[in-house]
2 protein chains.
Amino acid sequence: MSRPTTIKDIARILKISVSTVSRALRDAYDVNEETRNRVLAAAAEINYKPNYNATALAKRSTHNIGVILPFITNYYFSTVITGIQEVAYSKGFNIILHVTNDSPERELSIVDNLSLSSFDGLLVSTCSQSDSCEHFARVIREDIPVVFFDRVPNQIRTSKVMQDDFNGAFEAVEHLVSNGYRRVAHIAGPRGLLFTEKRYEGYLAALTKHNLPVVEDYTIYSGFSQESGQADTIQLMDLPEPPDAIFAVNDRKAIGAMLTLKARGIRIGKEVGVIGFTDDPMASIISPSLSTIAEPAFEIGRKSCELLLGHIRKKSFIPEEKILPGKLIVRESTNKG
Amino acid sequence: MSRPTTIKDIARILKISVSTVSRALRDAYDVNEETRNRVLAAAAEINYKPNYNATALAKRSTHNIGVILPFITNYYFSTVITGIQEVAYSKGFNIILHVTNDSPERELSIVDNLSLSSFDGLLVSTCSQSDSCEHFARVIREDIPVVFFDRVPNQIRTSKVMQDDFNGAFEAVEHLVSNGYRRVAHIAGPRGLLFTEKRYEGYLAALTKHNLPVVEDYTIYSGFSQESGQADTIQLMDLPEPPDAIFAVNDRKAIGAMLTLKARGIRIGKEVGVIGFTDDPMASIISPSLSTIAEPAFEIGRKSCELLLGHIRKKSFIPEEKILPGKLIVRESTNKG
DNA sequence: CTGAAAGCGCTAACAT
DNA sequence: ATGTTAGCGCTTTCAG
């Protein structure tokens with residue numbers, strides 16, 4: 001087990017100073033082309049690998065970005081991470097993963113225990129019940145850039161990357177209406193999250209545009225899970241005048257809805273239309289297959305990371321918002337037959 | 001933007017030396033109880049957070065563990081990571097994520113560019129086509145602990161954590177047989193991966209135990225994707241004497257199999273039984289629902305990380321192997337009716 | 001039990 | 001264009 005090689009080794013071998021080596025290893029700036037080549041050659045020769053801790057200590061900049069999100073065990077988030085990882089990797093950044101399990105306490109504890117010296121920036125998607133964003137505000141105040149994606153808080157002024165929730169929802173509902181459904185219900189996410197509000201607004205706007213009545217009982221706010229979808233749908237179908245279509249805030253809830261519809265012997269599509277949001281692979285596996293709004297998850301990851309890297313590089317942190325379009329995917333669950 | 005506080009600040013405030021502060025902050029060893037309390041109080045007071053880069057540089061030990069795996073966008077891997085993250089988090093370790101996209105070149109490039117100074121240990125699941133493990137052997141030779149999980153190479157002597165692939169496969173096939181299926185095919189993963197071999201062996205063993213003939217054409221090695229499952233099944237059902245049951249190496253392939261069976265109008269369960277491996281949530285969503293062997297993904301993550309942390313702590317690296325049991329989940333796809 | 005001092009590997013003025 | 005030197009924040013001998 002040989003001690004890793006350092007720039008000192010290179011300096012000694014080449015009989016030059018460490019600062020020259022250091023300079024040669026980074027940009028060409030102010031160093032003789034030939035010296036530089038010799039350094040590079042020697043480095044390769046002895047299999048030199050920079051010690052990032054030393055660099056970080058000296059430059060006050062690690063090459064890490066922290067990612068904080070509720071879960072990674074679903075299609076959307078794992079795809080976002082893959083996108084993040086893709087650009088981080090290409091720029092030589094590591095990503096440090098923190099999963100909150102959607103627990104506000106855990107989120108708080110993670111953020112408070114973050115050593116600000118161990119990452120250059122933060123990418124976050126909040127818990128569904130984050131009542132406060134004070135902890136993130138603190139991080140920002142320390143001048144470390146934070147960009148939010150998907151689940152972004154509305155009380156805080158930072159960079160945000162989202163899908164076009166309003167228009168996605170609008171399109172989904174309009175699709176339902178143009179396929180002949182009239183009593184469209186919405187099983188929403190938890191209140192307080194920007195995107196559940198946006199999707200709700202898109203739903204309302206589509207209803208209004210097509211002169212459909214807005215029935216208060218037709219909107220139910222609850223969790224994001226399949227079980228919530230089932231529960232909400234039971235509630236909906238027990239109404240004196242049940243809806244003939246359901247727009248779910250995401251595919252998991254839509255699938256939950258389909259499950260209870262099936263259990264009650266209601267024919268999906270023919271009797272009750274269902275549309276989701278995400279385009280989880282499950283949507284094409286379930287039968288009947290589920291119409292949905294495909295989210296640009298991978299792109300959200302890429303864009304968030306690019307934005308963050310930009311903030312880190314320029315050391316300026318002027319908030320920017322990016323909204324990426326979704327895409328309507330028509331399948332069987334919205335086919336009246 | 002105030003510079004983060006350091007142990008120097010604490011030392012200055014308390015008018016003691018930095019070394020005392022340093023000692024007090026770690027273990028009680030050799031420091032007066034009272035001094036220690038004063039240090040802790042002061043640290044909390046000024047909101048001191050250790051600079052891990054400095055620690056890492058001084059101690060030659062970061063608090064990071066690297067995780068290298070093919071994908072994160074599926075149920076199994078994302079659940080494993082959640083398990084890893086769970087124990088890493090509780091021990092104050094960060095996890096640095098690297099995804100290879102199942103590309104051996106990328107895997108190689110990641111490993112070769114790893115700065116050994118930036119993590120204390122490695123958790124890896126290899127690419128399906130990793131022909132060589134030389135790059136991992138190099139890491140191990142540098143005395144940094146590596147533990148493999150799930151996709152473990154068989155040519156290399158290190159710690160490994162796996163599900164019980166042999167017995168899982170055995171149980172799956174035995175379940176098929178005891179439900180009356182006789183011509184059981186196996187759509188396997190790529191050759192060369194330990195677990196695809198183990199599952200194949202389990203399949204063989206069950207056949208042998210029940211005196212069923214081993215038909216060579218009934219085993220097809222290919223990829224892990226749903227598409228591979230579809231293609232393999234086409235090939236199988238085009239045989240002069242097609243199988244009446246399919247044991248798939250994982251649920252994604254099983255789902256692919258079900259899709260082509262459905263497309264051909266073959267009744268799943270009644271005519272051809274299908275069983276998978278993993279217990280992806282999709283297995284209970286698809287209809288008919290898919291019987292499968294549930295893998296202890298979360299536990300695999302936990303155990304791998306615990307093992308690795310053990311190696312890191314004791315600085316000894318005596319390879320250990322852990323095998324975790326799976327569980328048969330009976331659903332509709334293996335019901336002959 | 002505590003302090004002084006050296007050093008981890010690298011960067012960044014400041015000289016030359 | 002290159003070398004000298006002083007840190008970055010923390011740990012760790014070695015003295016006392």
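Across all strands shown, Tyr48(B) has heavy atoms under 4.0 Å from sugar-phosphate atoms exclusively, and none from any base.
Straight-line distance from the CG atom of Asn53(A) to the C1' atom of dT11(C): 15 Å, rounded to whole Å. At whole-Å resolution of the value, CG in Leu14(B) and P in dT2(C) are 11 Å apart. Going from atom CZ of Arg26(B) over to atom P of dC1(C) covers 16 Å, rounded to whole Å. For the pair Arg12(A) CZ and dG3(D) P, the interatomic distance rounds to 15 Å; values are reported in whole Å. Atom P of nucleotide dG3(C) and atom CD1 of Ile7(B) are separated by 12 Å, given to the nearest angstrom. At whole-Å resolution of the value, CD1 in Ile10(A) and C1' in dT2(D) are 16 Å apart.
In terms of modelled atom types and a separation under 3.5 Å, the side chain of Thr79(B) and the main chain of Tyr75(B) share a donor-acceptor contact.
Neither OP1 nor OP2 of dC10(D) sits under 4.0 Å from any side-chain N or O of Ser22(B). Under 4.0 angstrom from either OP1 or OP2 of dT2(D) there lies at least one side-chain N or O belonging to Thr35(A).
Annotation: salt bridge (Lys or Arg N to Asp or Glu O under 4.0 Å) contacts of Glu107(B) (sequence neighbours excluded): none. Scanning for salt bridge (Lys or Arg N to Asp or Glu O under 4.0 Å) contacts around Lys322(A) gives Glu320(A), with sequence neighbours left out.
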I'd like a table of donor-acceptor pairs (distance under 3.5 Å, sequence neighbours excluded) in which one partner is a side-chain atom from residues 148-157 of chain B, with atom names and distances.
from, atom 1, to, atom 2, distance (Å)
Asp150(B), OD1, Tyr76(B), OH, 3.4
Asp150(B), OD1, Gln163(B), NE2, 2.6
Arg151(B), NH1, Asp102(B), OD1, 3.1
Arg151(B), NH1, Thr126(B), O, 3.4

Would you list the atom pairs, donor with acceptor, under 3.5 Å between side chains in residues 45-55 of chain B and any protein atom, with sequence neighbours excluded?
from, atom 1, to, atom 2, distance (Å)
Lys49(B), NZ, Asp112(A), O, 2.7
Asn51(B), OD1, Asn53(B), N, 2.8
Asn51(B), OD1, Ala54(B), N, 3.1
Thr55(B), OG1, Asn51(B), O, 3.0

Pairs under 3.5 angstrom only: tabulate donor-acceptor contacts from the side chains of residues 84-94 of chain B to other protein residues two or more places apart or in another chain.
from, atom 1, to, atom 2, distance (Å)
Tyr89(B), OH, Ser109(A), OG, 2.5
Ser90(B), OG, Val87(B), O, 2.9

Extract from the structure each pairing of a protein N or O with an N or O of nucleotides 4-8 of chain D at less than 3.5 Å, listing the distance.
from, atom 1, to, atom 2, distance (Å)
dT4(D), O4, Ser19(A), OG, 3.0
dC8(D), OP2, Lys8(B), NZ, 3.3
dC8(D), O3', Arg60(A), NH2, 3.3
dC8(D), O2, Ala58(A), N, 3.2

